[in-house]
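Step one of this worksheet: look at the structure below.
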There are 2 protein chains.
Amino acid sequence: MKKTTIAVDMDDVLADAYGRIIEIYESENGLKIDKEAIKGKKYTEAFTGEQLAIVKQIPHTENFFHDLNVIENSQEIMAELYNRHDVYIVSAAMEYPFSLKAKKDWLEQHFPFIHWKKIIFCGDKSIIGTDYLIDDHVFNLETFKGIPLIFSCLHNLDETKFERMHNWLDVESKFL
Amino acid sequence: MKKTTIAVDMDDVLADAYGRIIEIYESENGLKIDKEAIKGKKYTEAFTGEQLAIVKQIPHTENFFHDLNVIENSQEIMAELYNRHDVYIVSAAMEYPFSLKAKKDWLEQHFPFIHWKKIIFCGDKSIIGTDYLIDDHVFNLETFKGIPLIFSCLHNLDETKFERMHNWLDVESKFL
């Protein structure tokens with residue numbers, strides 16, 4: 001029987017990028033971001049003007065992708081998912097060319113069971129031909145031709161167009 | 001009208017990787033490879049034993065992907081193709097993690113008109129959902145779900161299963 005093919009996004013699905021952006025912003029600017037206030041807001045609504053420029057610059061710094069935290073439960077459940085289905089990591093890493101090696105290394109460190117053949121660093125995800133895409137970004141899910149699943153992140157909590165994975169336990173319930 | 005989507009492989013379609021491998025092998029070993037003798041043979045048939053081990057190691061050297069020559073006519077015809085259709089670069093770069101940045105830089109230098117959103121570094125190409133794939137490797141073309149087009153390279157000249165692009169002028173005739 002043909003296995004189900006599942007594309008899994010990296011930032012904010014496996015790696016806690018948004019959390020680290022907020023952490024860096026707070027520590028560099030001596031400010032506290034009110035997470036309740038930015039819940040459900042896109043980057044460009046949550047941050048404006050100079051603040052937005054600073055936040056957008058953070059992932060462009062050399063070491064940003066090196067030591068991101070792993071999203072809760074993703075390692076164990078990805079391992080099961082990977083054994084049971086045909087799973088690919090699909091990251092829009094091409095926006096940050098210097099991050100390509102760091103992202104590959106990060107995956108090797110935290111998800112060592114993932115074969116290099118199953119990793120895709122791309123830009124536009126519209127040509128990814130898997131059955132499912134698990135992603136936090138609406139613009140990736142909207143152009144995807146398979147079944148889109150939105151993975152919860154602060155910036156997408158008000159989105160209602162897609163079936164929602166609140167966390168990795170939801171992914172486990174759906175596929176395992 | 002929806003544009004035709006075309007995935008274009010990088011090594012031996014845009015960048016002359018095989019040519020450089022032979023060049024390096026010859027210069028490092030003081031030998032001349034008989035190109036007529038290896039015509040139509042896969043790497044693993046063209047080279048055996050210790051020779052194969054050496055040849056396979058060459059792309060794993062740090063600077064290999066930095067300064068590959070551009071395949072004849074690819075720049076001008078890719079520029080036209082890119083304007084007319086929905087074109088993606090799809091390279092199995094994940095096998096050589098240290099090459100990721102070098103490959104991105106090489107594309108920027110020789111194909112500066114290609115947006116980062118249109119570049120994909122992957123492993124297995126079976127999940128690439130474009131209408132066409134232009135590639136020199138039979139194993140990529142075999143698992144591709146759209147229309148496969150084989151791009152001529154020394155190692156694939158005897159292959160008859162796919163429509164053949166002998167060179168970039170054939171690509172021009174087909175799509176422009």
Side-chain angles (χ1 to χ4, degrees), chain A residues 2-10 59-60 62 65 82 85-109 111-112 114-133 137 139-140 143-148, chain B residues 2-10 59-60 62 65 82 85-109 111-112 114-133 137 139-140 143-148:
Chain A
K2 197 189 152 292
K3 282 183 174 178
T4 301
T5 52
I6 306 168
V8 179
D9 177 33
M10 198 167 158
H60 287 275
E62 188 70 30
F65 291 99
Y82 190 85
H85 301 291
D86 191 18
V87 177
Y88 296 83
I89 307 298
V90 179
S91 173
M94 220 51 78
E95 190 172 0
Y96 312 101
F98 59 86
S99 80
L100 293 165
K101 179 74 169 57
K103 287 193 154 216
K104 176 72 170 55
D105 290 344
W106 188 93
L107 282 172
E108 222 154 82
Q109 186 186 346
F111 296 84
I114 296 173
H115 194 280
W116 64 263
K117 290 191 175 178
K118 301 291 185 175
I119 302 173
I120 294 140
F121 289 166
C122 62
D124 181 349
K125 297 187 185 179
S126 64
I127 63 154
I128 301 301
T130 48
D131 300 323
Y132 291 89
L133 169 64
H137 280 299
F139 55 81
N140 288 327
T143 59
F144 180 63
K145 287 172 194 73
I147 300 167
Chain B
K2 196 189 154 292
K3 282 182 175 180
T4 301
T5 52
I6 306 167
V8 178
D9 176 35
M10 198 166 156
H60 288 275
E62 188 69 33
F65 290 99
Y82 190 85
H85 301 290
D86 191 17
V87 176
Y88 295 82
I89 306 298
V90 179
S91 174
M94 220 53 76
E95 191 173 359
Y96 311 101
F98 59 85
S99 80
L100 294 165
K101 181 73 168 59
K103 287 195 153 214
K104 177 71 170 53
D105 290 345
W106 188 94
L107 282 172
E108 222 155 82
Q109 186 186 346
F111 296 85
I114 296 174
H115 194 281
W116 63 262
K117 291 189 176 181
K118 302 290 185 175
I119 301 172
I120 294 138
F121 290 165
C122 61
D124 181 350
K125 297 187 184 180
S126 65
I127 63 153
I128 301 301
T130 48
D131 300 324
Y132 290 90
L133 169 64
H137 279 299
F139 56 82
N140 288 326
T143 58
F144 180 63
K145 288 173 193 70
I147 300 167

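Throughout, protein chains are lettered first and strands after them, A, B, ... in sequence-line order, and every chain is numbered starting at 1. Only this structure's heavy atoms are used, side chains among them; waters, hydrogens and symmetry mates stay out.
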>> Distance check, rounded to the nearest 0.5 Å: Ile127(A) atom CD1 versus Ile120(B) atom CD1?
In response: 3.0 Å
>> If the contact rule is any heavy atom under 4.5 Å from chain A, which residues of residues 94-104 of chain B qualify, in numerical order?
In response: Met94(B), Glu95(B), Pro97(B), Phe98(B), Leu100(B), Lys101(B), Lys104(B)
> What part of Tyr88(A) gets closer than 4.5 Å to chain B, counting heavy atoms only: side chain, backbone, both or neither?
Replying inline: side chain
> Roughly how far apart are Ile128(B) CD1 and Thr130(A) OG1, rounded to 0.5 Å?
Replying inline: 10.0 Å
